[in-house]
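Scroll down for the structure; my scribbles are underneath it.
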4 protein chains.
Amino acid sequence: MFKVDINSDLGESFGAYTIGADDLVIPLISSANIACGYHAGDAVVMSKTVRLAKEAGIGIGAHPGYPDLVGFGRRNLNATPAEVKAYTQYQIGALMAFCNAEGVKMQHVKAHGSMYNMAGKDIKLARAICEGIASVDDSLIILALSGSEMVNAANELGLRCASEVFADRAYEEDGSLMARSKPGSVITDEDVAVARVIRMIKEQKVEAASGKDIAIKADSVCVHGDNRKALEFVTKIREALKENGIEIASLGAFI
Amino acid sequence: MFKVDINSDLGESFGAYTIGADDLVIPLISSANIACGYHAGDAVVMSKTVRLAKEAGIGIGAHPGYPDLVGFGRRNLNATPAEVKAYTQYQIGALMAFCNAEGVKMQHVKAHGSMYNMAGKDIKLARAICEGIASVDDSLIILALSGSEMVNAANELGLRCASEVFADRAYEEDGSLMARSKPGSVITDEDVAVARVIRMIKEQKVEAASGKDIAIKADSVCVHGDNRKALEFVTKIREALKENGIEIASLGAFI
Amino acid sequence: MFKVDINSDLGESFGAYTIGADDLVIPLISSANIACGYHAGDAVVMSKTVRLAKEAGIGIGAHPGYPDLVGFGRRNLNATPAEVKAYTQYQIGALMAFCNAEGVKMQHVKAHGSMYNMAGKDIKLARAICEGIASVDDSLIILALSGSEMVNAANELGLRCASEVFADRAYEEDGSLMARSKPGSVITDEDVAVARVIRMIKEQKVEAASGKDIAIKADSVCVHGDNRKALEFVTKIREALKENGIEIASLGAFI
Amino acid sequence: MFKVDINSDLGESFGAYTIGADDLVIPLISSANIACGYHAGDAVVMSKTVRLAKEAGIGIGAHPGYPDLVGFGRRNLNATPAEVKAYTQYQIGALMAFCNAEGVKMQHVKAHGSMYNMAGKDIKLARAICEGIASVDDSLIILALSGSEMVNAANELGLRCASEVFADRAYEEDGSLMARSKPGSVITDEDVAVARVIRMIKEQKVEAASGKDIAIKADSVCVHGDNRKALEFVTKIREALKENGIEIASLGAFI
């Protein structure tokens, strides 16, 4: 039987600032990537978010990003591999404290925003992140863009790795995500998007923007929960998975 | 045989900014309180400092403070107990990542600056810090001002607790440190200071500013390493301890 | 004819985080207190907010707070008067840059949150803020709690000063706001609140929580715009002002 | 008679952290670039530094950088031109407050670190900075790398512009600084460096690393004051200028 994880970024609120409807998206996902205070989140939010995720029984992951709160970790920053490794360790450890406090084991790590994108194409940064993870707890799963340098670095280090796909994004022939600045980079037809996800899981293929089929690995589908439309789309994906006999399961259950 | 720990704050550098001569003070102490990024320190500095402390074989402790980098954690901040608990958990976890990476177990936690001072007099804050520590790892030792509410909170929770004394500070009759703003609050005669330390350890007594002897518990002596004079003073204390047959040992060895 | 200003805090968004419905509250007020990046707001938000306020023709003020983003400037911080003065200067200057860019003159300064509350009761902090304002531009108006030390400090320095009142808050006999932690501190009956505002303006009196009438000066009424109910309340106040022949005008027009 | 300005970065301390020997370098320079709180400096440091610079009678400039304190503004960050413009305005305004407080007029603006380097090669960022400066005060001088896009952007906008040269750095044939990562990028022979400066001023030429002479404009020489050797080098440059009949003057006096 096919299995897939559904992951979403959570715990992105900060002090008096709220982002996301964590309570609404949690029932729809199987793994949570929780912000760790560098690009979003703070200690109080992290504590609360780990508790919510634990109560829902979903997998808990650290979501380390660049130290750029005002940019929400979405801006490229030329930090050195040594810096990126230390940033990863720091943020994983910080979240682990709240996992300890709740008596739950951390399941995975997924880099955020620009750190995710830059490390996906730069083996040195990818190694830095994977080394950081392995040094803190080598049983953690790295959740990485399918076919990216992060997957390669995880394999080099023998780190457990889950490949992530995006339902609503177009792919280049090399397996990378088409830049958001290009026309057609976002798939707006929800039925098309859902059908693509099902095919990625069952056939391990997706049609690139060029029209050519490329190989892809879909261990986890990334979804968003920041508005009503996004939540409805997740529900649609869940229904399609069910109809196609694909089980939704946290990464730790099958990676 | 009497035993005592000597502790110092380390890892207070930040980015391009350097504070302290960590390499010079490490050989003179048995326990290090390492800043965790809120009031001082950053991920790269923490990584390096944990490595240095491990190589020297001294006890490693987290040194959580208020999120006030520009104030170096020295300004009172009326954070709630829930916030202080989460700040403590976050910072302990962050440092623990680097301990894991170096394969060394964290020994203790000592609150920094205003967090130390406020929690020493406020049982709610003291409980918040102790609960934070216990929730992450209940084998950690809390290093707290002798006779303070932190000691009381640790006892309530059954947390291992080490009492700290200051060589160069005057004490009030209630065992609290005399405020630095008062005349006579700092003991400038080094010989007097050293003699006081020896008596605190051997007799568990110190003469308060009023002239009255009060009870004190000296598991650890706090020293500084930010200038040549401070380093020489530590050397003097070490010599006096040796002459008096008092063994210097990390907290983990005798608490 | 009676005149009164209506002020509200604006520009509190930060990066990807949004707080407040600035576009909805702007048409209802005559003066805006714009966050300056310490407790809320960032450079991009400040630029946009100054433009919106200018287009609406309302008075523009700097809203300096403590450097505590995660606490939204609402937590007491024992910064020194010299620090508070420099924080005030820095933040006024930063906002002034955007006023220059829009070709509009800054009208006033109102301290935020804990800085407002602490300086309202501490003449040293009040002087620090007023000296900071006067040193940057001595034509600026300080908007301060009626009867507070801020008013006293402004008078000492010869700084133009506007007294602020709160529609929905109970007052102590000494003219200070009743602490929010006390029962009855917030007036929930909107009609009562509106009637109090009218009386404060026309009779310069308000009934303290004790039942005794006290003197009060109402140059400006503070309102909020962060939810629909708050916006409706402002509309109610505006209607009552009109019915009572009280003109709404920016501070600069009558202070 | 030839005139040249000598500029240095000042006010880079932050809270308890000290960088630079501002009091020693101030007597040797004619213009100060003062950090504005984003990459270094804080409000208290800025206040003090503006006062020191004013007392010495040297030109005062804002030194805006990226919001990356832990990276000291030295890491590339892909902020948008709109963000960079707002960052420039914010930081200029903040420093201007302290200039107002000291009754001195700000002379110039020089971007810091990665902002300087990126804008030197990217006309969009260069325009953003120049527009930011002009919008706050169009009488300010922009201090920019000789031959860079910053000079082009300043000319487009009609902003007063001073060209900066580096005594100890090798130049590429296109007038850009050779990357520090390349061998020979730093000129270690002080006599050679001094001779190059004199030639840049008198002949408006410098020998590029390739051996070819290129045109250069030397309105200001950048120097450092963070160690004894750097300070001695500045003294050497000053002596050579005197021997060659070149007058040292602040930018405002001749641009």
Side-chain angles (χ1 to χ4, degrees), chain C residues 11 13-16 34-38 41-51 54 62 64-67 69 79-104 106 109 115 128-140, chain D residues 11 13-16 34-38 41-51 54 62 64-67 69 79-104 106 109 115 128-140:
Chain C
S13 296
F14 180 84
I34 301 178
C36 301
Y38 265 43
D42 66 47
V44 172
V45 169
M46 289 163 75
S47 174
K48 185 184 161 192
T49 309
V50 168
R51 195 173 310 121
K54 180 210 171 187
Y66 286 134
L69 187 66
T80 63
E83 289 169 339
V84 169
K85 179 177 173 181
Y87 294 167
T88 302
Q89 294 169 310
Y90 183 97
Q91 294 180 76
I92 293 174
L95 191 75
M96 203 169 271
F98 298 105
C99 290
N100 284 9
E102 294 295 330
V104 60
M106 191 186 292
V109 177
M115 189 188 279
I129 293 173
C130 289
E131 286 170 5
I133 297 169
S135 74
V136 178
D137 179 354
D138 61 12
S139 72
L140 287 166
Chain D
S13 296
F14 179 85
I34 300 178
C36 301
Y38 265 43
D42 65 48
V44 172
V45 169
M46 289 164 73
S47 174
K48 185 184 160 192
T49 310
V50 168
R51 195 173 310 123
K54 179 209 172 188
Y66 285 133
L69 187 66
T80 64
E83 289 169 339
V84 169
K85 179 178 174 181
Y87 294 167
T88 302
Q89 294 169 310
Y90 184 97
Q91 293 179 77
I92 293 175
L95 191 74
M96 202 169 272
F98 299 104
C99 290
N100 284 8
E102 294 296 331
V104 61
M106 191 185 293
V109 178
M115 190 188 279
I129 293 172
C130 289
E131 287 170 5
I133 297 169
S135 74
V136 178
D137 179 353
D138 61 11
S139 73
L140 287 166

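Bear in mind that the values here come from a model prediction, so they are computed numbers and not experimental data. Order of the sequence lines sets the chain letters (A, B, ...), proteins ahead of strands, with each chain counted from 1.
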Exercise. What class does the angle between the rings of C:Tyr90 and D:Tyr90 fall in, given that below 30° is parallel, 30 to 60° is tilted and above 60° is perpendicular?
Worked result: perpendicular
Seminar exercise, completed: Cut-off 4.5 Å, heavy atoms of chain C, and the answer for D:Cys99 is neither
Seminar exercise, completed: Heavy-atom closest pair (D:Ala97 atom, C:Gln89 atom, distance to 0.1 Å) is CB-O, 3.0 Å
For this session: Over all heavy atoms of both residues, which pair between C:Ala43 and D:Ala86 is shortest? Give the atoms and the distance, please.
Result: CB-O, 3.5 Å
For this session: Please flag which part of D:Tyr87 lies under 4.5 Å from any non-hydrogen atom of chain C: side chain, backbone, both or neither.
Result: both
Exercise. Which heavy atom of D:Asn100 sits nearest a heavy atom of C:Val136, and at what distance?
Worked result: ND2-O, 3.0 Å
